[in-house]
Amino acid sequence: MSVRVRYAPSPTGLQHIGGVRTALFNYFFARSQGGKFILRVEDTDQTRYSDESLQDLYDTFEWLGIKWDEGPDVGGDFGPYVQSERFDLYREYADKLLESGHAYRCYCTAERLEEMRASQKKATGYDRRCRDLSPDEEKKLAAELEEKGLKPVIRFKIPLDGATSFHDEIMGDIKRKNKDINPDPVILKGDGFPTYHLANVVDDHYMQITHILRAQEWIPSGPLHVLLYQAFGWEPPKYCHLPMVMGKDGQKLSKRHGSTSVREFRKEGYLPEALINYVSLIGWSYDDSREFFTIKELEELFTLDKLNKAPGVFDYKKLAWFNGQYIRNTEDAELKKQLIPFLVEADVIADPPTDEEQKVIDNFMELVKPRLKTLGEIGSLVKFLFKDVEPEDPEIAVPKKLDIAKTVEVLSAGRDLVASLKENSIEDVENSFRSKSEELEVKLGDMMGPLRVGVTGSNVSPPLLESCELIGIDESLRRIDRLIAALKSRL
RNA sequence: GUCUCCUUCGUCUAGUGGUUAGGACACCGGGUUUUCAUCCCGGCAACAGGGGUUCGACUCCCCUAGGAGAUGCCA
């Protein structure tokens with residue numbers, strides 16, 4: 001039987017790193033096996049559902065360049081692929097469980113459950129009050145509940161003794177005593193919607209899912225799901241519980257660790273290829289040294305047996321490093337295209353860019369490439385090329401070993417050399433700088449430094465002479481003169 | 001509390017009885033360089049602890065410790 005796997009997110013929040021990695025592993029596994037990758041939207045929680053989350057799901061995967069073979073938007077033979085549209089199916093199967101004696105109606109209200117929990121010394125779960133009701137008791141409780149305008153829920157009967165086990169492709173055999181399983185979980189809620197457990201099992205069966213690759217946080221409900229399959233008389237799929245993605249403190253990755261949604265990373269200027277590459281390496285490896293993989297390569301090389309058991313910590317710095325590598329390997333034309341929105345966003349260029357701006361962008365590409373870790377850094381890096389910038393304090397131009405007077409002298413000499421850029425090459429002018437700095441008995445850096453501040457407004461910038469050419473020599477001179485004047489006034 | 005799972009450098013990992021325990025990020029040094037980056041070179045740094053099994057354990061078994069997850073009419 002050919003492989004069929006699914007990613008089954010719940011549209012209750014933005015797509016985050018953990019979920020996306022699960023999707024990716026499913027996708028890579030499907031591709032490597034020549035199988036199908038399916039998207040199923042699990043929108044059974046009406047209270048937490050949001051349209052924005054659903055939209056974010058589509059936006060995220062479109063941006064990542066990951067496509068599913070079957071799903072709500074592309075169709076398929078096993079639809080509908082949205083659980084709220086499969087409503088009747090779950091009711092039907094809950095009823096079947098009722099008939100076969102594997103489930104029962106529970107008339108406990110939220111209030112009673114709360115009281116019950118409060119009175120429990122240890123959290124032992126539902127007390128199974130409604131599990132073995134006599135017909136009379138049941139009638140009475142049903143009437144009471146109806147009076148309050150509420151509907152009963154359906155709970156699954158967990159066997160009181162024995163044990164349930166399943167095989168996990170990564171973890172090996174996992175066994176759990178039935179008495180340790182959450183006592184009689186709700187499978188159909190009061191609002192008629194199924195809970196995750198029921199919907200998941202029914203859908204995975206009907207969609208002929210062969211392998212379930214999901215996060216390890218689901219391990220504890222594995223036995224429950226197996227019991228459900230057994231109750232229906234179905235063959236459970238193969239399980240493969242993926243190691244989780246943690247924050248630096250070892251807790252589940254969350255907002256307080258930094259960005260977690262793909263949307264945020266996108267906004268900060270991470271490239272989808274870099275994100276995918278990095279995220280794939282948390283909990284999975286290919287061999288002892290290779291770590292650069294295109295999406296295509298991952299589609300071929302991914303294997304379950306290289307998956308790790310232990311959870312992995314998300315390392316923002318390594319992601320940034322990957323991103324820098326990917327930026328440097330991007331063609332200029334392509335990078336430019338990606339950079340423009342960030343320049344617009346930073347209010348550095350017009351939207352759309354003018355011809356003049358286009359030219360500047362073309363020309364700074366090589367200068368900027370090795371300096372970027374994220375696309376979002378472009379604004380502050382090249383702002384001075386488009387806008388007049390002044391140092392917040394002219395004295396940051398004064399090198400440690402020089403005083404203001406000497407700085408002015410050096411600046412004036414440098415100014416003339418910058419002016420000579422009009423007729424000489426950068427190389428020639430650079431040589432002139434060398435001899436001039438010797439003559440003035442200052443280090444080359446101390447000569448360039450003040451000019452840099454004058455032209456770029458900062459002590460850190462792309463190469464100075466190239467920058468001057470990009471801005472225009474006259475404009476550069478104007479800025480330098482302005483700095484000289486500002487420093488002179490402080491003498 | 002209970003249950004389940006996990007445990008190699010700070011981090012991601014390679015390793016499946018015999019290795020100087022390898023790579024990458026980070027960090028630290030050095031080189032290139034007009035600053036910052038890039039790039040190159042070098043360094044620091046790990047088998048959680050204790051018992052076994054074995055001629056020999058990072059590798060197999062047991063215990064302890066630590067960590068995580070689950071324990072919902074959320075997924």
Side-chain angles (χ1 to χ4, degrees), chain A residues 8-13 19 42-45 47-48 106 108-110 113 117 120-126 150-155 168 171-172 174-177 179-183 185-197 199-200 214-223 241 243-244 246 248 250-252 278 281-292 306 308-322 324 328 367-373 381 414 430 433-434 437 443-449 451-453 456 458-465:
Chain A
S10 160
T12 55
E42 306 216 330
D43 58 345
T44 56
D45 185 348
T47 58
R48 293 199 307 154
C106 168
C108 298
T109 60
L113 257 20
R117 276 184 204 111
Q120 285 175 346
K121 285 226 164 53
K122 297 174 268 185
T124 47
Y126 181 54
L150 297 172
K151 292 250 165 51
V153 302
I154 296 178
R155 286 182 185 272
D168 185 278
M171 230 59 81
I174 295 174
K175 185 174 174 183
R176 210 172 173 189
K177 293 192 190 78
K179 70 175 175 58
D180 292 327
I181 297 178
N182 181 18
V186 171
I187 53 173
L188 203 77
K189 306 182 230 182
D191 63 4
F193 274 87
T195 59
Y196 170 82
H197 306 295
N200 204 258
R214 59 165 35 159
Q216 276 172 5
E217 57 188 329
W218 291 107
I219 289 180
S221 36
H241 287 92
M244 311 220 308
M246 314 304 246
K248 206 154 187 59
Q251 313 275 116
K252 225 165 146 177
Y278 172 63
L281 258 20
I282 308 175
W284 182 82
S285 62
Y286 178 66
D287 61 14
D288 61 345
S289 55
R290 180 169 175 190
E291 51 184 2
F292 279 95
K306 298 298 257 176
N308 228 61
K309 288 182 178 183
V313 174
F314 190 85
D315 185 347
Y316 288 88
K317 284 193 171 161
K318 185 139 190 184
L319 203 218
W321 175 79
F322 263 109
R328 260 159 257 143
L367 259 35
V368 123
K369 245 187 192 177
R371 278 163 243 269
L372 246 29
K373 277 203 158 64
L381 192 58
E430 206 176 300
F433 263 98
R434 283 182 214 286
S437 67
K443 288 199 298 186
L444 185 56
D446 284 347
M447 189 162 183
M448 297 301 230
L451 290 168
R452 182 186 312 284
V453 172
T456 72
S458 164
N459 277 304
V460 176
S461 82
L464 181 62
L465 268 18

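Throughout, protein chains are lettered first and strands after them, A, B, ... in sequence-line order, and every chain is numbered starting at 1.
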[atom1]-based separation of [M] from [N] [nearest Å]:
{"N": "B:A37", "M": "B:G31", "atom1": "C1'", "value": "16 Å"}
{"N": "B:A21", "M": "B:C47", "atom1": "P", "value": "12 Å"}
{"N": "B:C28", "M": "B:C9", "atom1": "C1'", "value": "15 Å"}
{"N": "B:U8", "M": "B:G42", "atom1": "P", "value": "28 Å"}
{"N": "B:C6", "M": "B:C60", "atom1": "P", "value": "12 Å"}
{"N": "B:G50", "M": "B:C58", "atom1": "P", "value": "12 Å"}
{"N": "B:G15", "M": "B:A24", "atom1": "C1'", "value": "16 Å"}
{"N": "B:A48", "M": "B:U71", "atom1": "C1'", "value": "28 Å"}

remark   = Contact string for nucleotides 35-45 of chain B, one letter per nucleotide 5' to 3', B = base within protein heavy-atom range under 4.0 Å, S = sugar-phosphate only, - = neither, reads BBBSS------
Contact state string [nucleotides 70-75 of chain B, B base, S sugar-phosphate only, - no protein heavy atom under 4.0 Å] = SSSBBB
Write down the protein N/O and nucleotide N/O pairs, taken from nucleotides 30-33 of chain B, whose separation is under 3.5 Å; answer none if there are no such pairs.
none

In the structure shown, which nucleotide is the Watson-Crick or G-U wobble counterpart of [N], with both distances under 3.5 Å?
{"N": "B:U32", "answer": "none"}
{"N": "B:A14", "answer": "none"}
{"N": "B:C60", "answer": "B:G52"}
{"N": "B:C5", "answer": "B:G67"}
{"N": "B:G72", "answer": "none"}
{"N": "B:A45", "answer": "none"}

Gap separating the [atom1] atom of [X] from the [atom2] atom of [Y], nearest 0.5 angstrom:
{"X": "A:Cys106", "Y": "A:Tyr126", "atom1": "SG", "atom2": "OH", "value": "3.0 Å"}
{"X": "A:Glu217", "Y": "A:His241", "atom1": "CD", "atom2": "NE2", "value": "9.5 Å"}
{"X": "A:Thr195", "Y": "A:Arg155", "atom1": "OG1", "atom2": "CZ", "value": "10.0 Å"}
{"X": "A:Lys309", "Y": "A:Asp168", "atom1": "NZ", "atom2": "CG", "value": "9.0 Å"}
{"X": "A:Leu319", "Y": "A:Lys317", "atom1": "CG", "atom2": "NZ", "value": "13.0 Å"}

task = Kindly assign one of parallel, tilted or perpendicular to the pair A:Tyr278 and A:Phe322, based on the angle between their ring planes and the thresholds 30° and 60°.
result = tilted
request  = Classify the ring geometry between A:Trp284 and A:Tyr286 as parallel (under 30°), tilted (30 to 60°) or perpendicular (over 60°).
outcome  = tilted
Using a cut-off of 4.0 Å on non-hydrogen atoms, how would the nucleic acid contact of [X] be classed: base, sugar-phosphate, or nothing?
{"X": "A:Gly283", "result": "sugar-phosphate"}
{"X": "A:Asp446", "result": "nothing"}
{"X": "A:Lys306", "result": "sugar-phosphate"}
{"X": "A:Met447", "result": "nothing"}

query = Hey, is the main chain of A:Ala310 close enough, under 3.5 Å, to the side chain of A:Gln216 for a donor-acceptor pair?
reply =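 No.
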task = Using atom types as modelled and distance alone, determine if a side-chain donor or acceptor of A:Lys252 lies under 3.5 Å from a backbone N or O of A:Met244.
result = no
Integer-rounded Å distance: [N] [atom2] and [X] [atom1]:
{"X": "A:Gln216", "N": "B:C3", "atom1": "CD", "atom2": "C1'", "answer": "16 Å"}
{"X": "A:His241", "N": "B:C5", "atom1": "NE2", "atom2": "P", "answer": "12 Å"}
{"X": "A:Lys309", "N": "B:U59", "atom1": "NZ", "atom2": "C1'", "answer": "13 Å"}
{"X": "A:Ile282", "N": "B:U13", "atom1": "CD1", "atom2": "C1'", "answer": "12 Å"}
{"X": "A:Lys122", "N": "B:G1", "atom1": "NZ", "atom2": "P", "answer": "11 Å"}
{"X": "A:Ile174", "N": "B:U4", "atom1": "CD1", "atom2": "P", "answer": "11 Å"}
{"X": "A:Met171", "N": "B:U4", "atom1": "CE", "atom2": "C1'", "answer": "10 Å"}

Tell me every residue that passes side-chain contact (heavy atoms from CB on, under 4.5 Å) with [X], counting only those two or more places apart in sequence or in another chain.
{"X": "A:Arg371", "answer": "A:Leu381, A:Pro462, A:Pro463"}
{"X": "A:Asp43", "answer": "A:Pro11, A:Val41, A:Tyr49, A:Val82, A:Gln83, A:Ser84"}
{"X": "A:Pro220", "answer": "A:Arg176"}

First of A:Lys177 and A:Tyr278 reached from the 5' end of RNA chain B, by closest nucleotide =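 Checking each residue's closest nucleotide, the 5'-ward one belongs to A:Lys177.
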query = Do A:Met448 and A:Leu465 come close enough that some side-chain heavy atom pair is under 4.5 Å?
reply = yes
message = Starting the side chain at C-beta, find the nucleotide from B:U13, B:U7, B:A68 nearest to A:Met244.
response =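 Among the listed nucleotides, the one closest to the side chain of A:Met244 is B:A68.
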message = Show the nearest heavy-atom pair for residues A:Pro370 and A:Arg328, with the distance to one decimal.
response =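 Heavy-atom minimum between the residues: CA-NE, 3.7 Å.
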query = Does A:Arg434 have any salt bridge (charged side-chain N to carboxylate O under 4.0 Å, His left out) partners at least two apart in sequence or in another chain, and if so, which?
reply = A:Glu430
query = Excluding sequence neighbours, so at least two apart, what forms salt bridge (charged side-chain N to carboxylate O under 4.0 Å, His left out) with A:Lys369?
reply =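 Once residues adjacent in sequence are excluded, the partners of A:Lys369 under the salt bridge (charged side-chain N to carboxylate O under 4.0 Å, His left out) criterion are A:Asp332.
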Between the protein and nucleotides 18-23 of chain B, which nitrogen or oxygen pairs are less than 3.5 angstrom apart?
from  : atom 1 : to       : atom 2 : distance (Å)
B:G22 : N2     : A:Asp288 : O      : 3.0

query = Partners of A:Phe433 by ring-ring contact (aromatic ring centres under 6.0 Å, His included), sequence neighbours excluded?
reply = none
message = According to ring-ring contact (aromatic ring centres under 6.0 Å, His included), who are the partners of A:Phe193, at least two apart in sequence or on a separate chain?
response = A:Phe87
message = Can you tell me if A:Lys443 has over 12 outside heavy atoms packed within less than 6.0 Å of its NZ?
response =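 For A:Lys443, atom NZ is not crowded (no more than 12 foreign heavy atoms under 6.0 Å).
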Between the protein and nucleotides 65-67 of chain B, which nitrogen or oxygen pairs are less than 3.5 angstrom apart?
none

